[in-house]
**Q** 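I have a structure I would like to understand better, so I am pasting it below and will then ask my questions one at a time.
Protein chains get the first letters and strands the later ones, always in sequence-line order, with residue 1 at the start of each.
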2 protein chains.
Amino acid sequence: MEFDKDEQGLYEFIELLFFAYRDFTAGPDGELMAFGFGRAHHRVLHFVSRNPGLMVAELLDILRVSKQSLNRVLKQLIEEKFVFQEQGAGDRRRRHLFLTAKGQELADRLGAIQFEQISGSLKGFSPEAYQNICDGLLSLIADDDQKEVLGRFDEARKRNRGSDE
Amino acid sequence: MEFDKDEQGLYEFIELLFFAYRDFTAGPDGELMAFGFGRAHHRVLHFVSRNPGLMVAELLDILRVSKQSLNRVLKQLIEEKFVFQEQGAGDRRRRHLFLTAKGQELADRLGAIQFEQISGSLKGFSPEAYQNICDGLLSLIADDDQKEVLGRFDEARKRNRGSDE
DNA sequence: AAACAATGTCAACATTGTTGACGTATTATT
DNA sequence: AATAATACGTCAACAATGTTGACATTGTTT
(Lines give C-alpha, C1' and ligand atoms only; values in the text may rest on other atoms or scores of the structure.)
Protein backbone atom coordinates (compact mmCIF):
# COMPACT_ATOMS: atom_id res chain seq x y z
CA MET A 1 0.00 0.00 0.00
CA GLU A 2 1.21 3.45 -0.87
CA PHE A 3 0.88 6.96 0.39
CA ASP A 4 -1.99 9.02 -0.93
CA LYS A 5 -0.62 11.02 -3.81
CA ASP A 6 -3.49 13.34 -4.60
CA GLU A 7 -2.55 16.73 -5.93
CA GLN A 8 -3.69 18.60 -2.83
CA GLY A 9 -1.55 16.45 -0.63
CA LEU A 10 1.52 16.83 -2.80
CA TYR A 11 1.16 20.59 -2.94
CA GLU A 12 0.83 20.62 0.83
CA PHE A 13 3.95 18.51 1.11
CA ILE A 14 5.90 20.97 -1.00
CA GLU A 15 4.78 23.83 1.20
CA LEU A 16 5.48 22.01 4.42
CA LEU A 17 9.03 21.44 3.28
CA PHE A 18 9.36 25.09 2.33
CA PHE A 19 8.04 26.43 5.61
CA ALA A 20 9.92 23.91 7.72
CA TYR A 21 13.18 24.80 6.04
CA ARG A 22 12.42 28.51 6.25
CA ASP A 23 11.76 28.45 9.98
CA PHE A 24 14.48 25.95 10.76
CA THR A 25 17.31 27.84 9.09
CA ALA A 26 16.22 31.19 10.55
CA GLY A 27 17.15 30.12 14.07
CA PRO A 28 20.93 30.61 14.16
CA ASP A 29 20.88 33.84 12.14
CA GLY A 30 21.16 36.15 15.11
CA GLU A 31 24.19 34.39 16.54
CA LEU A 32 25.86 34.42 13.13
CA MET A 33 25.28 38.11 12.49
CA ALA A 34 27.08 38.91 15.74
CA PHE A 35 30.25 37.68 14.01
CA GLY A 36 29.48 39.21 10.65
CA PHE A 37 28.79 35.78 9.25
CA GLY A 38 25.89 34.42 7.21
CA ARG A 39 24.39 31.08 6.40
CA ALA A 40 27.18 30.21 4.01
CA HIS A 41 29.63 30.44 6.91
CA HIS A 42 27.32 28.35 9.05
CA ARG A 43 27.26 25.58 6.48
CA VAL A 44 31.05 25.45 6.40
CA LEU A 45 31.31 25.44 10.19
CA HIS A 46 28.72 22.70 10.41
CA PHE A 47 30.27 20.32 7.92
CA VAL A 48 33.84 20.85 9.08
CA SER A 49 32.70 20.29 12.64
CA ARG A 50 30.98 17.09 11.67
CA ASN A 51 33.78 15.91 9.37
CA PRO A 52 37.12 17.07 10.75
CA GLY A 53 39.84 16.80 8.17
CA LEU A 54 37.38 17.31 5.34
CA MET A 55 39.02 18.29 2.07
CA VAL A 56 38.01 21.33 0.07
CA ALA A 57 36.90 19.14 -2.84
CA GLU A 58 34.59 17.15 -0.59
CA LEU A 59 33.10 20.30 0.86
CA LEU A 60 32.45 21.56 -2.65
CA ASP A 61 30.59 18.35 -3.42
CA ILE A 62 28.51 18.66 -0.28
CA LEU A 63 27.54 22.29 -0.74
CA ARG A 64 27.26 22.20 -4.53
CA VAL A 65 28.67 25.66 -5.02
CA SER A 66 31.60 26.89 -7.06
CA LYS A 67 35.04 26.85 -5.48
CA GLN A 68 35.18 30.63 -5.83
CA SER A 69 31.98 30.99 -3.86
CA LEU A 70 33.18 28.62 -1.17
CA ASN A 71 36.60 30.20 -1.06
CA ARG A 72 35.16 33.58 -0.24
CA VAL A 73 33.64 32.42 3.03
CA LEU A 74 36.31 29.85 3.80
CA LYS A 75 38.96 32.54 3.49
CA GLN A 76 37.19 34.70 6.04
CA LEU A 77 36.80 31.80 8.45
CA ILE A 78 40.49 31.00 8.15
CA GLU A 79 41.65 34.60 8.45
CA GLU A 80 39.52 35.11 11.52
CA LYS A 81 40.82 31.86 13.00
CA PHE A 82 37.63 29.82 13.10
CA VAL A 83 39.04 27.25 10.69
CA PHE A 84 42.56 26.07 9.95
CA GLN A 85 44.11 23.87 7.30
CA GLU A 86 46.59 21.05 7.44
CA GLN A 87 48.51 19.81 4.47
CA GLY A 88 47.71 16.22 3.52
CA ALA A 89 50.15 13.66 4.89
CA GLY A 90 50.22 11.47 1.81
CA ASP A 91 49.18 13.87 -0.90
CA ARG A 92 50.44 17.29 0.04
CA ARG A 93 48.24 19.07 -2.46
CA ARG A 94 45.28 18.39 -0.26
CA ARG A 95 44.18 20.74 2.49
CA HIS A 96 42.37 19.16 5.36
CA LEU A 97 40.02 21.47 7.20
CA PHE A 98 39.58 21.65 10.96
CA LEU A 99 37.91 23.97 13.42
CA THR A 100 39.93 25.92 15.94
CA ALA A 101 38.73 26.04 19.53
CA LYS A 102 36.98 29.30 18.71
CA GLY A 103 35.39 27.76 15.64
CA GLN A 104 34.26 24.69 17.52
CA GLU A 105 32.72 26.85 20.19
CA LEU A 106 30.65 28.77 17.65
CA ALA A 107 29.69 25.63 15.76
CA ASP A 108 28.53 24.03 19.00
CA ARG A 109 26.51 27.08 19.95
CA LEU A 110 24.76 27.08 16.58
CA GLY A 111 24.20 23.36 16.88
CA ALA A 112 22.67 23.80 20.32
CA ILE A 113 20.17 26.30 18.94
CA GLN A 114 19.07 23.89 16.27
CA PHE A 115 19.00 20.97 18.71
CA GLU A 116 16.53 22.85 20.83
CA GLN A 117 14.38 23.68 17.85
CA ILE A 118 14.25 20.06 16.70
CA SER A 119 13.83 18.58 20.16
CA GLY A 120 11.09 21.04 20.93
CA SER A 121 9.31 20.39 17.67
CA LEU A 122 9.58 16.63 17.68
CA LYS A 123 9.03 15.85 21.33
CA GLY A 124 5.93 13.74 21.45
CA PHE A 125 6.84 11.81 18.32
CA SER A 126 7.38 8.10 18.82
CA PRO A 127 10.74 6.65 17.83
CA GLU A 128 8.94 4.91 14.96
CA ALA A 129 7.39 8.14 13.71
CA TYR A 130 10.75 9.88 14.04
CA GLN A 131 12.36 7.09 12.04
CA ASN A 132 9.73 7.55 9.35
CA ILE A 133 10.56 11.24 9.11
CA CYS A 134 14.28 10.54 8.77
CA ASP A 135 13.62 7.86 6.18
CA GLY A 136 11.37 10.22 4.27
CA LEU A 137 13.94 12.99 4.20
CA LEU A 138 16.61 10.55 3.11
CA SER A 139 14.41 9.35 0.26
CA LEU A 140 13.97 12.90 -0.95
CA ILE A 141 17.71 13.11 -1.50
CA ALA A 142 18.88 12.26 -5.01
CA ASP A 143 19.66 8.55 -5.30
CA ASP A 144 23.34 9.03 -6.05
CA ASP A 145 23.80 11.26 -3.03
CA GLN A 146 22.12 9.03 -0.48
CA LYS A 147 25.12 6.69 -0.26
CA GLU A 148 27.52 9.55 0.30
CA VAL A 149 25.33 11.02 3.01
CA LEU A 150 24.97 7.70 4.81
CA GLY A 151 28.69 7.07 4.39
CA ARG A 152 29.53 10.30 6.16
CA PHE A 153 27.01 9.47 8.89
CA ASP A 154 28.86 6.21 9.49
CA GLU A 155 32.23 7.90 9.61
CA ALA A 156 30.97 10.48 12.06
CA ARG A 157 29.52 7.77 14.27
CA LYS A 158 32.78 5.82 14.16
CA ARG A 159 34.75 8.93 14.98
CA ASN A 160 32.61 9.73 17.98
CA ARG A 161 32.36 6.20 19.28
CA GLY A 162 33.86 5.94 22.71
CA SER A 163 34.43 9.61 23.20
CA ASP A 164 30.77 10.32 23.89
CA GLU A 165 29.61 7.29 25.75
CA MET B 1 7.80 7.41 24.62
CA GLU B 2 9.88 9.88 22.70
CA PHE B 3 12.20 9.92 19.76
CA ASP B 4 15.84 9.25 20.39
CA LYS B 5 17.50 12.64 20.77
CA ASP B 6 21.16 11.73 20.86
CA GLU B 7 23.52 14.27 19.38
CA GLN B 8 24.47 12.09 16.43
CA GLY B 9 20.87 11.62 15.46
CA LEU B 10 20.08 15.31 15.70
CA TYR B 11 23.08 16.26 13.59
CA GLU B 12 21.99 13.71 11.04
CA PHE B 13 18.50 15.14 11.06
CA ILE B 14 19.85 18.62 10.34
CA GLU B 15 21.85 17.31 7.41
CA LEU B 16 18.98 15.25 6.03
CA LEU B 17 16.85 18.37 5.96
CA PHE B 18 19.63 20.30 4.26
CA PHE B 19 20.26 17.70 1.56
CA ALA B 20 16.58 16.99 0.99
CA TYR B 21 15.85 20.67 0.49
CA ARG B 22 18.93 21.10 -1.69
CA ASP B 23 17.99 18.30 -4.06
CA PHE B 24 14.28 19.01 -3.98
CA THR B 25 14.54 22.67 -4.97
CA ALA B 26 17.09 21.99 -7.68
CA GLY B 27 14.56 20.14 -9.82
CA PRO B 28 12.63 22.97 -11.49
CA ASP B 29 15.71 25.15 -12.06
CA GLY B 30 16.18 24.19 -15.68
CA GLU B 31 12.62 25.00 -16.64
CA LEU B 32 12.85 28.33 -14.83
CA MET B 33 16.08 29.39 -16.45
CA ALA B 34 14.47 28.96 -19.87
CA PHE B 35 12.29 31.95 -18.98
CA GLY B 36 15.03 33.92 -17.29
CA PHE B 37 13.43 33.25 -13.94
CA GLY B 38 14.86 31.99 -10.67
CA ARG B 39 13.62 30.41 -7.51
CA ALA B 40 12.17 33.67 -6.24
CA HIS B 41 9.88 33.73 -9.28
CA HIS B 42 9.00 30.10 -8.69
CA ARG B 43 7.90 30.82 -5.15
CA VAL B 44 5.59 33.59 -6.31
CA LEU B 45 4.12 31.43 -9.08
CA HIS B 46 3.59 28.60 -6.63
CA PHE B 47 1.80 30.55 -3.94
CA VAL B 48 -0.33 32.60 -6.31
CA SER B 49 -1.30 29.40 -8.10
CA ARG B 50 -2.27 27.79 -4.83
CA ASN B 51 -3.98 30.91 -3.44
CA PRO B 52 -5.60 32.82 -6.28
CA GLY B 53 -6.52 36.32 -5.25
CA LEU B 54 -3.70 36.43 -2.71
CA MET B 55 -2.81 39.93 -1.60
CA VAL B 56 0.69 41.34 -1.68
CA ALA B 57 0.79 41.69 2.09
CA GLU B 58 -0.08 38.01 2.54
CA LEU B 59 2.58 36.98 0.07
CA LEU B 60 5.09 39.04 2.00
CA ASP B 61 4.16 37.21 5.17
CA ILE B 62 4.52 33.84 3.47
CA LEU B 63 7.88 34.49 1.88
CA ARG B 64 9.31 36.62 4.71
CA VAL B 65 11.15 38.98 2.43
CA SER B 66 11.00 42.75 2.11
CA LYS B 67 8.40 44.24 -0.17
CA GLN B 68 11.17 45.69 -2.31
CA SER B 69 12.66 42.27 -2.82
CA LEU B 70 9.29 40.76 -3.67
CA ASN B 71 8.36 43.65 -5.90
CA ARG B 72 11.37 43.11 -8.09
CA VAL B 73 10.32 39.63 -9.15
CA LEU B 74 6.59 40.33 -9.02
CA LYS B 75 7.07 43.26 -11.37
CA GLN B 76 8.80 41.04 -13.91
CA LEU B 77 6.10 38.40 -13.67
CA ILE B 78 3.42 41.02 -14.24
CA GLU B 79 5.25 42.77 -17.08
CA GLU B 80 5.81 39.46 -18.84
CA LYS B 81 2.15 38.51 -18.32
CA PHE B 82 2.54 35.53 -16.01
CA VAL B 83 0.69 37.29 -13.21
CA PHE B 84 -2.00 39.96 -13.18
CA GLN B 85 -3.60 42.06 -10.48
CA GLU B 86 -7.17 42.95 -9.68
CA GLN B 87 -8.16 45.82 -7.46
CA GLY B 88 -9.94 44.76 -4.28
CA ALA B 89 -13.72 44.91 -4.47
CA GLY B 90 -14.29 46.23 -0.96
CA ASP B 91 -10.97 47.88 -0.18
CA ARG B 92 -9.62 49.20 -3.43
CA ARG B 93 -6.14 49.69 -2.05
CA ARG B 94 -5.65 45.96 -2.16
CA ARG B 95 -4.26 44.17 -5.19
CA HIS B 96 -5.32 40.60 -5.58
CA LEU B 97 -2.89 38.44 -7.51
CA PHE B 98 -3.80 35.85 -10.12
CA LEU B 99 -1.97 33.80 -12.71
CA THR B 100 -2.65 34.30 -16.40
CA ALA B 101 -3.10 31.23 -18.60
CA LYS B 102 0.60 31.45 -19.43
CA GLY B 103 1.47 31.73 -15.75
CA GLN B 104 -0.73 28.83 -14.80
CA GLU B 105 0.83 26.69 -17.48
CA LEU B 106 4.32 27.34 -16.17
CA ALA B 107 3.26 26.86 -12.55
CA ASP B 108 1.66 23.54 -13.45
CA ARG B 109 4.74 22.39 -15.32
CA LEU B 110 6.94 23.22 -12.33
CA GLY B 111 4.47 21.50 -10.05
CA ALA B 112 4.52 18.39 -12.22
CA ILE B 113 8.30 18.18 -11.94
CA GLN B 114 8.13 18.31 -8.18
CA PHE B 115 5.21 15.88 -8.06
CA GLU B 116 7.32 13.34 -9.88
CA GLN B 117 10.22 13.90 -7.54
CA ILE B 118 8.09 13.40 -4.46
CA SER B 119 6.07 10.50 -5.80
CA GLY B 120 9.23 8.79 -6.95
CA SER B 121 10.95 9.33 -3.65
CA LEU B 122 8.06 8.39 -1.40
CA LYS B 123 6.55 5.49 -3.29
CA GLY B 124 6.83 2.53 -1.01
CA PHE B 125 5.98 4.55 2.06
CA SER B 126 2.83 3.52 3.85
CA PRO B 127 0.09 6.13 4.30
CA GLU B 128 0.90 6.08 8.01
CA ALA B 129 4.59 6.71 7.41
CA TYR B 130 3.73 9.46 4.94
CA GLN B 131 1.46 11.02 7.54
CA ASN B 132 4.30 10.93 10.04
CA ILE B 133 6.54 12.80 7.63
CA CYS B 134 3.92 15.48 7.03
CA ASP B 135 3.27 15.80 10.75
CA GLY B 136 6.98 16.07 11.40
CA LEU B 137 7.47 18.80 8.85
CA LEU B 138 4.49 20.69 10.22
CA SER B 139 5.92 20.48 13.72
CA LEU B 140 9.18 21.99 12.53
CA ILE B 141 7.30 25.11 11.50
CA ALA B 142 7.20 27.88 14.09
CA ASP B 143 4.15 27.52 16.33
CA ASP B 144 2.58 30.79 15.29
CA ASP B 145 2.88 29.93 11.62
CA GLN B 146 1.36 26.47 11.79
CA LYS B 147 -2.18 27.81 12.05
CA GLU B 148 -1.73 30.07 9.04
CA VAL B 149 -0.31 27.23 6.98
CA LEU B 150 -3.13 24.88 7.90
CA GLY B 151 -5.65 27.64 7.29
CA ARG B 152 -4.42 28.12 3.76
CA PHE B 153 -4.47 24.36 3.23
CA ASP B 154 -8.15 24.37 4.18
CA GLU B 155 -8.96 27.25 1.88
CA ALA B 156 -7.19 25.58 -1.01
CA ARG B 157 -9.08 22.35 -0.38
CA LYS B 158 -12.38 24.20 -0.21
CA ARG B 159 -11.59 26.06 -3.41
CA ASN B 160 -10.77 22.89 -5.30
CA ARG B 161 -13.63 20.83 -3.94
CA GLY B 162 -15.95 19.74 -6.70
CA SER B 163 -13.75 21.02 -9.50
CA ASP B 164 -11.30 18.15 -9.20
CA GLU B 165 -13.46 15.23 -8.27
C1' DA C 1 -8.82 67.62 7.37
C1' DA C 2 -5.78 64.43 9.24
C1' DA C 3 -4.16 59.99 10.13
C1' DC C 4 -3.52 55.47 8.70
C1' DA C 5 -3.10 51.48 5.47
C1' DA C 6 -1.72 48.96 1.20
C1' DT C 7 1.08 49.28 -2.38
C1' DG C 8 4.70 50.87 -5.52
C1' DT C 9 9.26 52.86 -6.47
C1' DC C 10 14.03 54.74 -6.41
C1' DA C 11 18.53 54.18 -4.70
C1' DA C 12 22.30 52.09 -2.34
C1' DC C 13 24.25 48.24 -0.64
C1' DA C 14 25.30 43.12 1.30
C1' DT C 15 25.41 38.23 0.68
C1' DT C 16 25.94 34.53 -2.00
C1' DG C 17 25.80 32.50 -6.20
C1' DT C 18 27.92 32.27 -11.26
C1' DT C 19 31.77 31.95 -15.17
C1' DG C 20 36.34 32.66 -17.11
C1' DA C 21 41.10 32.98 -16.77
C1' DC C 22 45.24 32.25 -14.61
C1' DG C 23 48.85 30.81 -11.02
C1' DT C 24 51.14 27.41 -7.96
C1' DA C 25 52.26 23.28 -5.85
C1' DT C 26 52.28 18.52 -6.04
C1' DT C 27 51.59 14.05 -8.04
C1' DA C 28 51.15 10.85 -11.86
C1' DT C 29 52.24 9.44 -16.52
C1' DT C 30 54.86 8.73 -20.38
C1' DA D 1 63.19 14.35 -17.45
C1' DA D 2 59.33 16.31 -19.67
C1' DT D 3 54.49 16.49 -19.68
C1' DA D 4 50.01 16.11 -18.07
C1' DA D 5 46.76 15.97 -14.53
C1' DT D 6 45.11 17.19 -9.81
C1' DA D 7 44.01 20.13 -5.79
C1' DC D 8 43.73 24.40 -4.52
C1' DG D 9 43.86 29.56 -4.55
C1' DT D 10 42.85 34.06 -6.66
C1' DC D 11 41.38 38.04 -9.46
C1' DA D 12 37.67 40.06 -11.87
C1' DA D 13 33.14 40.74 -13.54
C1' DC D 14 28.63 39.87 -13.09
C1' DA D 15 23.70 37.96 -11.63
C1' DA D 16 20.11 36.78 -8.28
C1' DT D 17 18.21 37.87 -4.25
C1' DG D 18 18.22 39.75 0.07
C1' DT D 19 18.50 44.33 3.06
C1' DT D 20 17.34 49.43 4.67
C1' DG D 21 15.75 54.13 4.03
C1' DA D 22 13.05 57.50 1.99
C1' DC D 23 9.19 58.95 -0.42
C1' DA D 24 4.78 58.90 -3.50
C1' DT D 25 0.14 57.34 -4.52
C1' DT D 26 -4.16 55.96 -3.55
C1' DG D 27 -7.84 54.72 -0.72
C1' DT D 28 -9.94 54.19 3.99
C1' DT D 29 -10.86 55.54 8.62
C1' DT D 30 -11.45 58.78 12.22
**Q** Please answer whether the main-chain N or O of B/Phe84 pairs with a side-chain N or O of B/Arg95 as donor and acceptor at a distance below 3.5 Å.
**A** no

**Q** Any residue in residues 18-30 of chain B with a heavy atom nearer than 4.0 angstrom to DNA chain D? Just list them by number, or reply none.
**A**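 Hits under 4.0 Å, by residue number: none.
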
**Q** Can we call the ring centroids of A/Phe115 and B/Tyr11 under 6.0 Å apart?
**A**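 A/Phe115 vs B/Tyr11: aromatic centres under 6.0 Å.
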
**Q** Could you pull out every donor-acceptor pair under 3.5 Å between side chains of residues 65-72 of chain B and any protein atom, sequence neighbours left out?
**A**
| unit_1 | atom_1 | unit_2 | atom_2 | d |
| --- | --- | --- | --- | --- |
| B/Ser66 | OG | B/Ser69 | N | 3.3 |

**Q** Go through residues 56-72 of chain A and report each residue with a non-hydrogen atom lying under 4.0 Å from DNA chain D, sorted by number.
**A**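 Listed by number, they are A/Val56, A/Ala57, A/Lys67, A/Gln68, A/Asn71.
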
**Q** Quick one: A/Phe84 CZ to D/dC8 P, roughly how many Å, whole number?
**A**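 Spelled out: CZ on A/Phe84 to P on D/dC8 is 16 Å.
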
**Q** Looking at residues at least two apart in the chain, or sitting in another chain, which of them share a ring pair (Phe, Tyr, Trp, His ring centres under 6.0 Å) with A/Phe153?
**A** none

**Q** Mind calculating the distance between CG (A/Leu32) and C1' (C/dT15) to the nearest angstrom?
**A** 13 Å

**Q** Is there a side-chain polar atom (N or O) of B/Gln85 under 4.0 Å from OP1 or OP2 of C/dG8?
**A** yes

**Q** Let me have a per-nucleotide readout for nucleotides 24-30 of chain C, 5' to 3', with B, S or -, counting only protein heavy atoms under 4.0 Å.
**A** --BS---

**Q** Tell me the interatomic distance from B/Met55, atom CE, to D/dG27, atom P, rounded to whole angstroms.
**A** 16 Å

**Q** A/Arg22 and B/Asp61: which non-hydrogen atoms are nearest, and at how many Å?
**A** NH1-O, 3.7 Å

**Q** Starting from B/Met55, walk the hydrophobic network (Ile, Leu, Val, Met, Phe, Trp, Tyr; side-chain heavy atoms closer than 4.5 Å) and list everyone else you reach, by chain and number.
**A** none

**Q** In whole Å, I'd like the distance from the CG atom of A/Leu74 to the C1' atom of D/dT10.
**A**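 Going from A/Leu74 (CG) to D/dT10 (C1'), I get 13 Å.
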
**Q** Just jot down the ring pair (Phe, Tyr, Trp, His ring centres under 6.0 Å) partners of B/Phe19, sequence neighbours excluded, or say none.
**A** A/Phe47

**Q** For DNA chain C, which residues of residues 36-49 of chain B approach it to below 4.0 angstrom with any heavy atom?
**A** none

**Q** Using whole Å, report how far CD of B/Gln76 lies from P of C/dG8.
**A**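 Between P of C/dG8 and CD of B/Gln76: 15 Å.
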
**Q** Filter on side chain to side chain donor-acceptor pair (under 3.5 Å), then keep only pairs touching residues 101-118 of chain A, sequence neighbours left out; what's left?
**A**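 Qualifying pairs, neighbours excluded: A/Glu31-A/Arg109, A/Ser49-A/Gln104, A/Gln104-A/Asp108.
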
**Q** Grab the CG-P distance between B/Leu77 and D/dT17 for me, whole Å please.
**A**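 One finds 10 Å between P of D/dT17 and CG of B/Leu77, rounded.
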
**Q** The test is side-chain contact (heavy atoms from CB on, under 4.5 Å); show your working for A/Leu17 and B/Ile118 and say whether it passes.
**A** CA-CA 11 Å; A/Leu17 195 55; B/Ile118 299 175; over 6 Å; no

**Q** Got a sec, which pairs hit side chain to side chain donor-acceptor pair (under 3.5 Å) with one end in residues 81-94 of chain A, sequence neighbours left out?
**A**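 Those involving residues 81-94 of chain A are A/Asp91-A/Arg93.
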
**Q** According to ring pair (Phe, Tyr, Trp, His ring centres under 6.0 Å), who are the partners of A/Phe82, at least two apart in sequence or on a separate chain?
**A** A/Phe35, A/Phe37

**Q** Report, one line per pair, each donor and acceptor closer than 3.5 Å where one atom sits in a side chain of residues 132-141 of chain A; sequence neighbours left out.
**A**
| unit_1 | atom_1 | unit_2 | atom_2 | d |
| --- | --- | --- | --- | --- |
| A/Asn132 | ND2 | A/Glu128 | O | 3.4 |
| A/Asp135 | OD1 | A/Gln131 | NE2 | 3.0 |
| A/Ser139 | OG | A/Asp135 | O | 3.1 |

**Q** To check you understand the geometry: which heavy-atom pair defines the closest contact between B/Leu99 and B/Ala107, and what is its length?
**A**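 Smallest interatomic distance, heavy atoms only, reads CD1-CB, 3.8 Å.
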
